Amino acid sequence: MFWLQLNRVIGYWPVLLKGIGMTLALSVLSLLIGIVIGFAFGILRAGPNRTLSRAVGLYVDFFRGTPFLVQVFIVFFILPEIGIELSAFTAGVVALSNAAACFIGEIVAAGIQSVPAGQTEAAAASGFTRAQQMRLIVLPQAVRVVTPSLVGQFVLMIKDSSVVSAIGLLDLTRSGWMIVQSVPNGLLVFGIVGIGYFLICYPLIWLSRRMERRGQAPIL
């Protein structure tokens with residue numbers, strides 16, 4: 001019986017492959033957008049303008065303190081009520097990018113604050129503008145410090161992407177739900193889905209551990 005069900009699940013490999021492709025596309029696109037916005041959040045959060053820092057901190061805390069599923073529902077079901085209708089994929093990218101940016105922003109802010117103030121003071125005394133100090137001195141060191149944490153955050157983001165299956169996006173998790181309708185063995189089906197996520201995430205987990213063991217990270 002088990003082998004018969006396994007063969008039936010394997011017969012759904014095109015569905016699983018499509019789900020993996022959707023999970024990767026969603027995660028990679030959201031990651032790229034989340035990095036750009038997250039670095040902007042981090043710079044503002046650690047910047048000298050206290051009003052901006054507190055405003056960004058309040059925004060970040062709100063989204064870090066609410067369930068990701070609620071954020072997905074707000075983007076997909078609430079925004080259309082004010083005239084903003086998004087496809088399931090776009091809604092997933094918006095929600096996931098925003099959540100990633102909030103966590104990445106805090107990580108980057110901590111990295112910037114870890115750079116000794118004496119270095120920026122020396123740069124300022126040498127005639128560097130604030131933008132030059134950030135670009136040439138602070139950010140390269142901050143990125144080196146926070147890269148292992150960022151890689152760990154990327155793993156969490158890939159796993160969080162499974163939530164978007166709740167709005168109908170055919171990612172890896174929803175592929176599992178489709179298959180289990182025909183093969184009534186949830187342990188087998190979602191065991192294979194879990195292996196799919198593991199194969200996607202493990203290279204990043206390995207990379208993060210390697211960086212932590214070395215105690216340093218390459219500059220992105």
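Since the structure is predicted, the reported quantities are computational estimates derived from the model, not experimental observations.
Residue pairs meeting the ring pair (Phe, Tyr, Trp, His ring centres under 6.0 Å) criterion with at least one partner in residues 92-127, sequence neighbours excluded, do not occur; the list is empty. Pairs of residues two or more places apart, or lying in two chains, that qualify as salt bridge (charged side-chain N to carboxylate O under 4.0 Å, His left out) and include a residue from residues 103-132 are Arg45-Glu106, Arg64-Glu106. Sorted by first and then second residue, the salt bridge (charged side-chain N to carboxylate O under 4.0 Å, His left out) pairs with a member in residues 163-182 form an empty list; sequence neighbours excluded.
For Ser114, there are no side-chain hydrogen bond (donor to acceptor under 3.5 Å, both in side chains) partners, not counting sequence neighbours. Taking Glu85 as the reference, nothing meets the side-chain hydrogen bond (donor to acceptor under 3.5 Å, both in side chains) condition, with sequence neighbours excluded. Residues that satisfy the ring pair (Phe, Tyr, Trp, His ring centres under 6.0 Å) test with Tyr59, not counting sequence neighbours, are Phe41, Phe63. Evaluation of the side-chain contact (heavy atoms from CB on, under 4.5 Å) rule for Gln119 yields Val115, Pro116, Ile137, Gln141 as partners, not counting sequence neighbours. Qualifying side-chain contact (heavy atoms from CB on, under 4.5 Å) partners for Leu139, counting only residues two or more places apart in sequence or in other chains: Phe39, Ile43, Ile112, Met134.
Checking side-chain atoms of Gln71 against main-chain N and O of Thr66 turns up a donor-acceptor pair under 3.5 Å. Between the side chain of Ser53 and the main chain of Asn49, no donor-acceptor pair closer than 3.5 Å is present.
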Give the table of side-chain donor-acceptor pairs shorter than 3.5 Å for residues 178-196, with sequence neighbours excluded, one pair per line with atom names and distance.
unit_1 : atom_1 : unit_2 : atom_2 : d
Gln181 : NE2    : Trp177 : O      : 3.2
Ser182 : OG     : Tyr12  : OH     : 3.0
Asn185 : OD1    : Leu187 : N      : 3.4
Asn185 : OD1    : Leu188 : N      : 3.0
Asn185 : ND2    : Gln5   : OE1    : 2.7

Identify every side-chain donor-acceptor pair in residues 156-167 under 3.5 Å, counting partners at least two apart or on other chains, and give the distances.
unit_1 : atom_1 : unit_2 : atom_2 : d
Ser161 : OG     : Ile158 : O      : 2.5
Ser162 : OG     : Lys159 : O      : 2.8
Ser165 : OG     : Ser162 : O      : 2.8

N/O donor-acceptor pairs under 3.5 Å from side chains in residues 17-26, not counting sequence neighbours:
unit_1 : atom_1 : unit_2 : atom_2 : d
Thr23  : OG1    : Gly19  : O      : 3.1
Thr23  : OG1    : Leu172 : N      : 3.1

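Clustering of Ile, Leu, Val, Met, Phe, Trp and Tyr side chains at separations under 4.5 Å places Leu79 together with Val75, Ile82, Ile84, Leu86, Val94.
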